[in-house]
Amino acid sequence: MGINLDKMRAKLAAVQNKGDRQSIFWRPNDGNQTIRIVPTEDGDPFKEVFFHYNVSKGGILCPKRNFGDECPICEFASNLWREGVDKNDEDSKRTAKNLFVRQRFFSPVLIRGEETDGVRWWGYGKTAYESLLNLVLNPDYGDITDTEEGTDLVLNYGKPAGASFPQTKLQPRRRPSLLADDADRTAELLGSIEDFMGVFERKTPQDVEKILEEFISGGVDAEGNSTETVQYANNKADTVDNAFQELMNA
């Protein structure tokens with residue numbers, strides 16, 4: 001069997017674009033858009049990932065929930081929660097909750113009308129995740145990711161009146177469709193899916209412990225002054241977690 005040159009070109013493009021992390025993620029616009037979930041080699045296009053937020057800039061992959069290693073943040077948050085319960089300290093309990101691991105979901109998708117942008121990763125919340133699982137388990141649709149007889153999804157995204165965060169609604173098209181117009185383009189798209197876990201930096205428990213120690217020693221406010229750890233975490237969480245909730249449509 002010879003080398004598939006289309007896959008090689010896709011791999012080269014993925015390597016060349018690896019520094020541009022934003023390009024591999026997709027966020028829906030307000031209103032309707034049509035997407036196609038793309039099949040993955042392991043047969044599971046619904047990736048479940050666990051993060052810690054509010055400890056440092058950006059999210060940290062939880063060593064325990066993702067990889068089975070020890071996680072200093074999990075241990076610290078659990079101890080802080082127990083301490084808050086024992087002492088009836090609401091600030092400590094709130095901080096612990098802000099540090100607890102958060103579950104997120106991602107799928108590789110092709111956006112109709114934006115096919116030239118290739119396959120990107122879509123991050124979403126639990127409600128959309130449950131909708132997708134119910135859909136794939138519905139015998140009327142079968143394998144919605146099938147490249148020849150799969151199903152496009154109409155995704156409606158927006159914030160209803162009075163809601164705190166945007167909501168995502170998914171409606172399958174009535175007729176199956178091809179992923180791409182020809183076999184070569186299909187192979188190119190499948191070969192271009194970047195390893196998802198490789199997108200995020202995996203930190204060792206020792207790395208995470210160091211980050212946690214810096215967090216425990218106290219944060220800094222906008223003027224660079226030291227703050228108490230609990231207040232710093234809670235204030236930061238209000239901004240960071242709300243933004244991520246909106247991004248993930250949770």
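Remember, it's a predicted structure, so these values are computed and weren't measured experimentally. All values below come from the heavy atoms of this structure, side chains included, with hydrogens, waters and symmetry mates left out.
Atom CG of Asn29 sits about 9.5 Å away from atom CD1 of Ile111, to the nearest 0.5 Å. With values rounded to the nearest 0.5 angstrom, Leu153 atom CG is found 9.0 Å from Gln171 atom CD. Atom CD of Glu75 sits about 8.5 Å away from atom NZ of Lys64, to the nearest 0.5 Å. The distance from the NE2 atom of His52 to the CD1 atom of Ile211 is 11.0 Å, given to the nearest 0.5 Å. Atoms CG and CZ, on Leu61 and Phe51 in that order, are 5.0 Å from each other to the nearest 0.5 Å. Interatomic distance, OG1 of Thr127 versus CG of Leu170, reported as 10.5 Å (0.5 Å rounding).
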Start with the C-alpha distance between Asp143 and Val136, add both sets of side-chain angles, then the distance that settles side chain to side chain contact (heavy atoms under 4.5 Å, CB included), and finish with yes or no. CA-CA 6 Å; Asp143 184 0; Val136 299; over 6 Å; no

Run the side-chain hydrogen bond (donor to acceptor under 3.5 Å, both in side chains) check on Asn32 and Asn156 step by step: do they pass? CA-CA 4 Å; Asn32 289 337; Asn156 178 270; 2.7 Å; yes

Any chance you could lay out the salt bridge (charged side-chain N to carboxylate O under 4.0 Å, His left out) test for Arg174 and Asp140, step after step, and finish with the verdict? CA-CA 10 Å; Arg174 297 183 63 180; Asp140 289 342; over 6 Å; no

Could you give me the CA-CA distance, side-chain angles and deciding distance for Glu114 and Arg112, then say whether salt bridge (charged side-chain N to carboxylate O under 4.0 Å, His left out) is met? CA-CA 5 Å; Glu114 302 177 12; Arg112 295 307 189 189; over 6 Å; no

Mind running side chain to side chain contact (heavy atoms under 4.5 Å, CB included) on Phe165 and Lys159 for me, showing each step along the way? CA-CA 6 Å; Phe165 303 106; Lys159 185 184 296 184; 5.6 Å; no

Pair Ile35, Asp152 - check side chain to side chain contact (heavy atoms under 4.5 Å, CB included), show working. CA-CA 6 Å; Ile35 68 172; Asp152 287 356; over 6 Å; no

Might you work through the side chain to side chain contact (heavy atoms under 4.5 Å, CB included) test for Lys169 and Leu155, ending with a clear yes or no? CA-CA 6 Å; Lys169 296 181 180 180; Leu155 185 157; over 6 Å; no

Verdict with supporting geometry, Asn98 and Thr95, side-chain hydrogen bond (donor to acceptor under 3.5 Å, both in side chains): CA-CA 5 Å; Asn98 288 332; Thr95 301; 5.5 Å; no

Evaluation steps, salt bridge (charged side-chain N to carboxylate O under 4.0 Å, His left out), between Lys210 and Glu213: CA-CA 5 Å; Lys210 183 178 179 181; Glu213 288 175 351; over 6 Å; no

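Atom CG of Asp86 has more than 12 neighbouring heavy atoms from other residues, nucleotides or ligands inside a 6.0 Å radius. Other residues, nucleotides and ligands contribute only 12 or fewer heavy atoms inside 6.0 Å of the CZ atom of Arg173.
Considering only heavy atoms from C-beta on, Ile193 comes within 4.5 Å of Val38 through its side chain. The closest side-chain heavy-atom distance from Ser177 to Glu149 is not below 4.5 Å. Two residues are said to be in side-chain contact when any heavy atoms from C-beta on lie closer than 4.5 Å; Lys47 and Thr40 meet this criterion. A heavy-atom distance below 4.5 Å is not found between the side chains of Pro172 and Ile144. Inter-residue side-chain proximity for Gln103 and Glu48 is flagged as met; some heavy-atom pair is nearer than 4.5 Å. Within the 4.5 Å cutoff, the side chain of Phe46 has heavy atoms near those of the Tyr129 side chain. Within the 4.5 Å cutoff, the side chain of Ile37 has heavy atoms near those of the Leu132 side chain. Put simply, the side chain of Ile73 does not reach to within 4.5 Å of the side chain of Phe215, judged on heavy atoms.
Between Lys203 and Asp69 there is no salt bridge, since no side-chain N of the basic residue sits under 4.0 Å from a carboxylate O of the acidic one.
In this structure, Trp81 and Phe100 have tilted ring planes: the angle between them lies in the 30° to 60° band. The aromatic rings of Phe25 and Phe200 sit tilted relative to each other, their planes meeting at an angle between 30° and 60°.
Linking Ile, Leu, Val, Met, Phe, Trp and Tyr whenever their side-chain heavy atoms come within less than 4.5 Å leaves Leu133 and Val154 in two separate clusters. By the rule that hydrophobic residues join a cluster once side-chain heavy atoms approach within less than 4.5 Å of another member, Phe50 and Trp122 end up as members of separate clusters. If you chain together hydrophobic residues whose side chains sit under 4.5 Å apart, Tyr157 and Leu135 fall into the same group. No path of Ile, Leu, Val, Met, Phe, Trp and Tyr side chains, each step under 4.5 Å between heavy atoms, connects Val101 with Ile216, placing them in separate hydrophobic clusters.
In this structure a side-chain-to-backbone donor-acceptor pair under 3.5 Å is present from Ser217 to Glu214. At distances below 3.5 Å, not a single donor-acceptor pair connects side-chain atoms of Glu148 with backbone N or O atoms of Asp146.
Between Leu178 and Arg36, the shortest heavy-atom contact is O-NH1, 3.7 Å. Nearest heavy atoms, Leu212 versus Pro72: CD2-O, 3.4 Å. Across all their heavy atoms, Leu80 and Ala96 have their closest contact at CD2-N, 3.8 Å. Closest heavy-atom contact between Gly118 and Leu189: CA-CD2, 4.2 Å. Among all heavy-atom pairs drawn from Ser92 and Gly84, the shortest one is CB-CA, 4.0 Å. The shortest heavy-atom contact between Pro63 and Pro205 is CB-CG, 4.5 Å.
For the residue pair Arg175/Thr151, the side-chain donor-acceptor check at 3.5 Å is not satisfied. Side-chain polar atoms of Thr168 and Tyr124 form no donor-acceptor pair below 3.5 angstrom. Side-chain contact annotation: Asn134 with Ser131, donor-acceptor N/O pair under 3.5 Å absent.
Judged by the 6.0 Å and 45° rule, Arg102 forms no cation-pi pair with Tyr53.
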